[in-house]
Amino acid sequence: MNATVMQVIIVGAGTVGAPLVDVATGSGNEVVVVEQDGGRANEIADAYDCAVLHADATDESTIQDAGADRADALITTTGRDPTNLFVCLLGAEHDIPTVVSLLQRPAHRHLFAELGVYTVAGLHDLAAESLYRVARQPAVSESMPVAGDAAVFRITVGADAPIADTMLVDARSTGVLPDDVLVVAVRTGDGEAEIARSETTITPGDEVTVYSSRGTTADVTAVFSTDVREDGARGRF
């Protein structure tokens, strides 16, 4: 079997779970879905090449039947933190290497963290964060937090950007590129992508992938795009 193929248990086939099943099965993984609603369970079974258990995931025997002893990951996506937390506890007790949960209320994050569970914010929180980020910094096409304030983000280089038409080694030596900011990769206007090197020249229209220990603050993004004000906003925001 391909080393990249995982054995994945997905709990819940609702708004988040169903698209997750699509992604997981489409990537060639061996997926077992646990869904308590009979109608949803049947829909998933008909639509995807995966095993589906119409059962209660908070029952330990269900997690066992889903293959906890051989699973690489357990992902729970129900709309209730208490249910997700209990399922994660069962996953931890069965030593599933990676356990991930949808998180409805940020105040509950520490409860999951105590179990070593990775959490992802609920849809409404993610949508709110994305809307605010785009309004605040429209030049940033995608951003992912790493740890603390640090983030990896993608941004298109503007024609008037300080780093435009500059080799990375020169941008670093002249202070245009701060020491805590690293250009990781570059996708040129013609779609070619490459790992960024010291001799790489950044040109207007390039989409660069950047690591920043300060995240997407205005002083960082201003290196690559002038499409932000000092407060990181645009227009009347």
Side-chain angles (χ1 to χ4, degrees), residues 1-127 142 144-148 150-152 184-185 209 211:
M1 180 167 43
N2 190 313
T4 61
V5 173
M6 296 194 304
Q7 307 266 356
V8 184
I9 300 172
I10 297 175
V11 176
T15 305
V16 176
L20 177 60
V21 173
D22 184 66
V23 171
T25 56
S27 299
N29 299 295
E30 296 188 9
V31 178
V32 178
V33 179
V34 181
E35 173 54 59
Q36 196 165 12
D37 182 281
R40 289 179 184 169
N42 289 334
E43 289 175 2
I44 293 296
D46 291 340
Y48 298 101
D49 182 17
C50 63
V52 180
L53 300 181
H54 174 207
D56 180 359
T58 61
D59 187 331
E60 185 171 8
S61 64
T62 299
I63 296 299
Q64 292 172 339
D65 291 342
D69 60 331
R70 59 182 182 278
D72 297 301
L74 167 68
I75 309 173
T76 179
T77 69
T78 81
R80 299 186 68 250
D81 282 349
T83 300
N84 290 334
L85 185 62
F86 192 80
V87 172
C88 290
L89 176 60
L90 294 176
E93 288 182 345
H94 283 82
D95 296 322
I96 297 177
T98 302
V99 180
V100 185
S101 178
L102 185 67
L103 182 68
Q104 300 297 330
R105 299 186 61 183
H108 295 158
R109 191 182 302 274
H110 73 283
L111 298 173
F112 291 86
E114 289 173 3
L115 294 177
V117 174
Y118 299 94
T119 54
V120 176
L123 291 178
H124 297 298
D125 289 336
L126 289 175
E142 187 176 354
M144 180 181 69
V146 178
V152 174
V184 179
T209 300
Y211 168 83

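Numbering starts at 1 and runs along the sequence shown.
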Are the side chain of [X] and the backbone N or O of [Y] linked by a donor-acceptor pair below 3.5 Å?
{"X": "T78", "Y": "R80", "result": "yes"}
{"X": "E35", "Y": "A13", "result": "yes"}
{"X": "T76", "Y": "N84", "result": "no"}

**Report entry** Non-neighbouring partners of D72 that pass side-chain hydrogen bond (donor to acceptor under 3.5 Å, both in side chains), sequence neighbours left out
**Finding:**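 D72 satisfies side-chain hydrogen bond (donor to acceptor under 3.5 Å, both in side chains) with no other residue.
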Minimum heavy-atom distance between [X] and [Y], given as atom pair plus value:
{"X": "M6", "Y": "N29", "result": "N-OD1, 2.9 Å"}
{"X": "I9", "Y": "I96", "result": "CD1-CD1, 4.4 Å"}
{"X": "A41", "Y": "H54", "result": "CB-CB, 4.2 Å"}
{"X": "P106", "Y": "L103", "result": "CA-CD2, 4.0 Å"}
{"X": "G17", "Y": "I10", "result": "O-CG2, 4.4 Å"}
{"X": "C50", "Y": "V31", "result": "CB-O, 3.2 Å"}

(request) Measure the spacing between CD of Q36 and OG1 of T58 and express it to the nearest 0.5 Å. (result)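 Answer for the CD-OG1 pair, Q36 versus T58, is 7.0 Å.
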| request: Calculate, to the nearest 0.5 Å, the distance between atoms SG and CG belonging to C88 and L111 respectively. | output: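 Atom-to-atom, C88:SG and L111:CG are 11.0 Å apart.
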Review point. Below 4.5 Å, heavy atoms only, C-beta onward: do L53 and D65 meet side chain to side chain?
Key: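 In short, these two side chains touch, coming nearer than 4.5 Å.
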Holding to side-chain contact (heavy atoms from CB on, under 4.5 Å), I want the full list of residues that pass it with L90, two or more places apart in sequence or in another chain.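 Per chain and number, L90 pairs via side-chain contact (heavy atoms from CB on, under 4.5 Å) with E60, I63, F86, E93.
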For a side chain to side chain contact (heavy atoms under 4.5 Å, CB included) with F112, tell me which candidate from L85, L89, V99 qualifies.
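In the set L85, L89, V99, the residue that makes a side chain to side chain contact (heavy atoms under 4.5 Å, CB included) with F112 is L85.
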**Asked** Does the pair L20 and T77 meet the rule for a side chain to side chain contact (heavy atoms under 4.5 Å, CB included), with working shown?
**Response** CA-CA 9 Å; L20 177 60; T77 69; 3.9 Å; yes
inquiry  = Quiz question: by atom type and distance under 3.5 Å, do the side chains of T25 and D49 form a donor-acceptor pair?
reply    =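 No, D49 and T25 have no side-chain donor paired with an acceptor closer than 3.5 Å.
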Exceeds 12 heavy-atom contacts within 6.0 angstrom, atom OH of Y118
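No, because the 6.0 Å sphere around OH of Y118 holds 12 heavy atoms or fewer from other groups.
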